[in-house]
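Side-chain atoms are counted along with the backbone in the values below, which use heavy atoms only and exclude waters and symmetry mates. Fair warning: this is a prediction, and the values are worked out from it, not measured in the lab. Proteins get letters first, then strands, A, B, ... in listed order; numbering begins at 1 in each.
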Number of protein chains: 2
Amino acid sequence: MSQKETYHHGDLRQTLLNEALAWIAQEGISNISLRGLARRVGVSHNAPYRHFEDKTALLAAVAAEGFQSLTAALSGAISQDSTDYLGNLEAIGVAYVGYGVQNFARYRVMFGPALSECHQRSPLAAAAGDAFNVLVEAIVQGQAAGVIRRDNPEKIARIAWALVHGLVMLAIDGQLSLTPGDSLEEIAHYATRLLSAGLAPWRSPADGQPLQ
Amino acid sequence: MSQKETYHHGDLRQTLLNEALAWIAQEGISNISLRGLARRVGVSHNAPYRHFEDKTALLAAVAAEGFQSLTAALSGAISQDSTDYLGNLEAIGVAYVGYGVQNFARYRVMFGPALSECHQRSPLAAAAGDAFNVLVEAIVQGQAAGVIRRDNPEKIARIAWALVHGLVMLAIDGQLSLTPGDSLEEIAHYATRLLSAGLAPWRSPADGQPLQ
DNA sequence: CGAGAAAAGTTGTCGCTGTCAACATAGAGG
DNA sequence: CCTCTATGTTGACAGCGACAACTTTTCTCG
């Protein structure tokens, strides 16, 4: 819209990215095709190749956009001046689940099988790392304040990430079977509370052995 | 092997299922094709259609096999006569992660996007439900013994499932970045310990509000 | 035992897809 | 003005999923 018609046909690159998201949201990720995308946008079947090396590259660009907005969503969920570090951690978890479910089409691309092979490649890995670091930072702060046990913060972050990631995946795939009264947001809250309770620095009486 | 050569060309159905797994393990799930599968097995490109309605049906059969063996793996992980219910729960979690990582090709099919639309359909849903019930049962036992807080056991099970599912997905996609000394099995142990610590029935001092 | 039905496999075809190669056009810069 | 490069188009090819029609094998049952 903004800078369209300025060049040959406008900024086709961003148009393709947006249309891909709309397509995936409507018909799922498995049936998406470059040719169909070009058709919907109104260009020839080979025009996308001027902006993306191949189909995977287009999906990777969608994913990279996703990780950036995910990072923003997570950063925006915490209150920087708050000293409720556990609350911040829980807020990050809830925000993560909310982002994944609201942007489920993008999320499917970000963690879909098409990108699973090249997922350690930059700049996709860098974008994903930024989002991960928001989580690590919150854990480090909680450890400094003494409300989170002092194990390797990255290790804790990986587990917290796995928890919310699993919630999003199951929710997107419709396998959470949400009963009325158990909204997804409530489950996310409950899950993050459960984890943060387990993260307490004192050893719980049920756990005869020290953790780790 | 067992009942081969008895009919036209042997039991093509199972041969196709096995070959599909081998293919996915080698080259990923995105590039699999019915025609290539038939080629590898040595039949014509349309022979698979005598055993599976379409490509999705074949993948669904692979997934159904997977959920059955997953159920067996989880059931085998717990010691029925033990009274260490938290230990049983943790063992289920570790077994789940182990199954997913060892059978990563099958796991990708079970939770891949091809089946995400029809995932509530039987008998796939029933097979998945069996695996889920192993988890619920362990939680109910722990609640009866008083070592797990008495919230809705299915709700707790969904969260535990999300945790281990997320771990498997991230591990399979190579996004767990396992540092030396942090083996996946150790992370799975740590994660399940963390969760079971959070599941303790007493309220932790850090949590000013009662959970739920 | 023998004919017909049903199961299992094959060949042929269609439209669609990803990708490569060659060609066309529009703006930029000398 | 003329060329260079970025962008978009047309054409082609092999591979794919799926359907239809045909053949071969096995089973069933009178």
Side-chain angles (χ1 to χ4, degrees), chain A residues 1-20 22-24 26-63 108-109 112-118, chain B residues 1-20 22-24 26-63 108-109 112-118:
Chain A
M1 262 308 150
S2 53
Q3 38 191 353
K4 258 189 180 176
E5 315 295 349
T6 69
Y7 206 168
H8 233 165
H9 280 73
D11 59 338
L12 182 55
R13 181 188 158 93
Q14 195 59 44
T15 307
L16 284 172
L17 292 180
N18 297 340
E19 198 68 26
W23 181 316
I24 294 169
Q26 287 173 13
E27 315 185 29
I29 195 179
S30 31
N31 294 334
I32 196 173
S33 77
L34 275 188
R35 292 176 99 108
L37 216 49
R39 220 175 298 131
R40 281 167 72 133
V41 169
V43 293
S44 80
H45 69 264
N46 249 359
Y49 282 88
R50 299 293 148 179
H51 299 274
F52 304 99
E53 191 177 349
D54 55 11
K55 184 180 178 180
T56 304
L58 187 145
L59 293 178
V62 172
R108 276 241 173 79
V109 179
L115 274 53
S116 56
E117 293 102 6
C118 64
Chain B
M1 226 35 87
S2 54
Q3 38 190 351
K4 260 191 179 176
E5 314 297 346
T6 68
Y7 208 165
H8 231 165
H9 280 72
D11 59 339
L12 182 56
R13 182 188 156 92
Q14 194 59 45
T15 306
L16 284 172
L17 292 180
N18 297 340
E19 198 68 25
W23 181 316
I24 295 168
Q26 286 172 13
E27 314 185 30
I29 194 177
S30 31
N31 294 333
I32 197 173
S33 78
L34 276 188
R35 291 176 99 107
L37 217 48
R39 218 176 301 130
R40 280 168 72 135
V41 169
V43 293
S44 81
H45 68 262
N46 247 3
Y49 283 89
R50 299 293 146 179
H51 299 274
F52 304 99
E53 192 177 348
D54 55 11
K55 185 181 178 179
T56 303
L58 187 145
L59 293 179
V62 171
R108 277 240 173 80
V109 180
L115 273 54
S116 55
E117 292 103 6
C118 66

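- Here the straight-line distance linking atom OG of Ser44(B) with atom CZ of Arg39(B) works out to 11.5 Å at 0.5 Å rounding.
- OP1 or OP2 of dA6(D) has not a single side-chain nitrogen or oxygen of His51(A) nearer than 4.0 Å.
- Distance, Asp54(A) CG to dT17(C) P: 17 Å, rounded to whole Å.
- Checking dT9(D), dC20(C), dT10(C) against the side-chain heavy atoms of Ala47(B) singles out dT10(C) as nearest.
- One can place CZ of Arg40(B) at 16 Å from P of dG15(D), the figure rounded to the nearest angstrom.
- Phosphate contact (OP1/OP2 of dC16(D), side-chain N/O of Ser33(B), threshold under 4.0 Å): present.
- Atom CZ in Arg35(A) sits 7.0 Å away from atom CG in Asn46(A) (nearest 0.5 Å).
- Taking for each of Arg50(A) and Arg35(A) the nucleotide of DNA chain C with the nearest heavy atom, the 5'-most of the two is the partner of Arg35(A).
- Put simply, CG on Leu16(B) is 12 Å from P on dG17(D), counting in whole angstrom units.
- Among the nucleotides dT17(C), dA18(D), dT10(D), the one closest to any side-chain atom of His45(B) is dA18(D).
- In the set dA18(D), dG18(C), dG11(D), dA18(D) carries the atom at the smallest distance from any side-chain atom of Leu34(B).
- The interatomic distance linking Leu37(A) (CG) with dT19(C) (C1') rounds to 16 Å, in whole Å.
- Taking CG of Leu37(A) as the reference point, atom CG of Leu16(A) lies at 5.5 Å (rounded to 0.5 Å).
- Put simply, CG on Leu12(B) is 16 Å from P on dA7(C), counting in whole angstrom units.
- Between dT19(C) and Tyr49(A), a contact under 4.0 Å exists linking OP1 or OP2 to a side-chain N or O.
- For Asn46(A) and dG18(C), a side-chain-to-base donor-acceptor distance below 3.5 Å is absent, hydrogens and geometry of angles not being considered.
- Nucleic acid contact class of Arg13(B) (heavy atoms, under 4.0 Å, all strands): none.
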